[in-house]
Amino acid sequence: MSLVLGIETSCDETAASVVEDGRRILSNVVASQVAVHAPYGGVVPELASRHHLETMGPVLEAAMRESGVAFPALEAVAVTQGPGLVGSLLVGVQAAKAIALVHRKPLVPVHHVAGHVQAAFLAGGKVPLPAVALVVSGGHTSLYAVPEEGEYRRLGRTRDDAAGEAFDKVAKLLGLGYPGGPVIDRLAEGADDRAVEFTIARLKDGSADFSFSGIKTAVLLHVRRQGIAPVADRERVPAAVRDLLASFQRAVVASLVRGLARAAEVERPRSLIVTGGVAANSCLHREAERAGRELGLPVFIPPPELTTDNAAMIAAAGFVAARRGVRADLSLDADPHLQLG
Ligand code: KG4
Ligand code: ZN
């Protein structure tokens with residue numbers, strides 16, 4: 001039995017978790033800062049690091065208490081080294097180092113996106129490998145080949161905005177608050193997703209990269225041209241706005257799923273993984289499942305509490321990394337631009 005403590009503070013969630021053998025979650029504590037950043041329509045880095053400092057201690061204590069595991073029983077301490085906001089990452093890295101030092105445990109650095117991919121293995125069920133993984137969140141939109149657990153080869157990424165960022169910006173433009181994804185998902189349900197013709201063209205160089213800044217501008221132009229005002233009452237959203245949101249969502253999802261399907265045709269994997277905060281999107285669920293059926297591949301989409309930022313995924317990725325001999329010493333530093341694959 002191997003118990004790993006995971007710590008995650010790369011963005012606006014302070015999280016700690018204990019996971020057994022990289023599979024069984026004994027505790028998964030997440031303190032979200034959504035309410036702190038909502039008034040600003042996005043994450044404010046200075047506020048984020050200050051809140052991580054305040055909540056890291058209590059979150060760690062809760063994760064250890066709920067797991068019923070004592071520090072000496074841990075095999076390793078895994079922490080998100082990057083990418084993310086440097087001030088936020090530092091809080092988690094320092095906490096992990098302190099625990100590793102005091103309790104003489106190996107320190108295992110984890111790439112945040114490796115954590116998102118590993119979430120698929122935490123959700124139960126066996127994921128046949130090799131897989132192709134689409135990681136789609138507020139900070140990332142990337143495709144990876146996963147030949148085996150702990151191995152990643154990047155196939156494509158966004159050249160500009162992440163897909164979640166596009167959801168958040170469109171929601172902000174229409175006065176729908178932050179984060180935008182869940183609101184747009186809800187309002188788009190039952191609306192006419194063909195009302196506005198948005199298309200996201202494939203990049204001309206034939207790469208597997210994505211681009212979402214163009215559609216954001218297209219939505220802005222449409223709003224100006226049609227004289228659409230920001231929503232005043234979120235309980236009574238006009239049909240024209242709901243149709244616009246559904247059309248926007250359909251175009252973003254089509255681009256994501258097209259990228260995933262193309263990567264699958266090239267890589268010939270045995271399964272598909274869709275993970276990251278945007279993986280909670282109902283339209284993306286439907287379309288990814290449909291693509292999987294057409295390709296004859298099972299699709300693994302973890303539940304929302306494991307697709308959004310959490311530390312169980314970091315503990316699970318840390319378990320795999322530790323098995324592969326990954327270790328850091330106490331000179332470990334946060335790396336906001338850490339690369340994977
Ligand atoms: O993984 P995550 O919690 O944090 C990052 O690492 O970014 O993802 C947050 C992102 C936000 O942009 C949010 O708007 C988006 O995920 N999101 C959604 C949905 N739920 C969350 N986007 C579309 N549809 C959803 N249902
Ligand atoms: Zn994330």
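In listed order, ligands and their atoms are each counted from 1.
Considering backbone and side-chain atoms alike, Gly277 places an N or O below 3.5 Å from some N or O of ligand 1. The distance criterion of under 3.5 Å between nitrogen or oxygen atoms is not met by Thr308 with respect to ligand 1. Considering both main-chain and side-chain atoms, Gly138 comes within under 3.5 Å of ligand 1 through a nitrogen or oxygen pair. Of the polar atoms of Glu13, none of the N or O atoms is found under 3.5 Å from an N or O of ligand 1, judged by distance alone.
In the hydrophobic clustering of this structure, Val170 groups with Val241; members are Ile, Leu, Val, Met, Phe, Trp, Tyr whose side-chain heavy atoms approach within less than 4.5 Å, directly or through other members.
Using modelled atom types, one finds no donor on one side chain facing an acceptor on the other under 3.5 Å when comparing Asp161 with Ser213.
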Go through His51 and Asp12 one step at a time and tell me if the side-chain hydrogen bond (donor to acceptor under 3.5 Å, both in side chains) criterion holds.
-> CA-CA 9 Å; His51 275 82; Asp12 61 343; over 6 Å; no
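Contacts of Asn281 with ligand 1, taken as heavy-atom pairs under 4.0 Å, involve both backbone and side chain. Both the backbone and the side chain of Val278 come within contact range of ligand 1, each with a heavy atom under 4.0 Å.
In this structure, Gly82 and Leu338 approach most closely via the heavy-atom pair O-CD2, 3.7 Å.
For the pair Glu265 and Arg262, the salt-bridge criterion is not met [side-chain N within less than 4.0 Å of a carboxylate O].
The side-chain hydrogen bond (donor to acceptor under 3.5 Å, both in side chains) test applied to Arg286 returns no partner, not counting sequence neighbours. A search for side-chain hydrogen bond (donor to acceptor under 3.5 Å, both in side chains) contacts involving His37 returns Gln33, not counting sequence neighbours. Applying the side-chain hydrogen bond (donor to acceptor under 3.5 Å, both in side chains) rule to Arg50 yields no partners; only residues at least two apart in sequence or on another chain are considered.
Proximity of His116 to ligand 1 is established by a heavy-atom distance of less than 4.0 Å.
If you count the protein N, O or S atoms nearer to the Zn ion (ligand 2) than 2.8 Å, you get 3.
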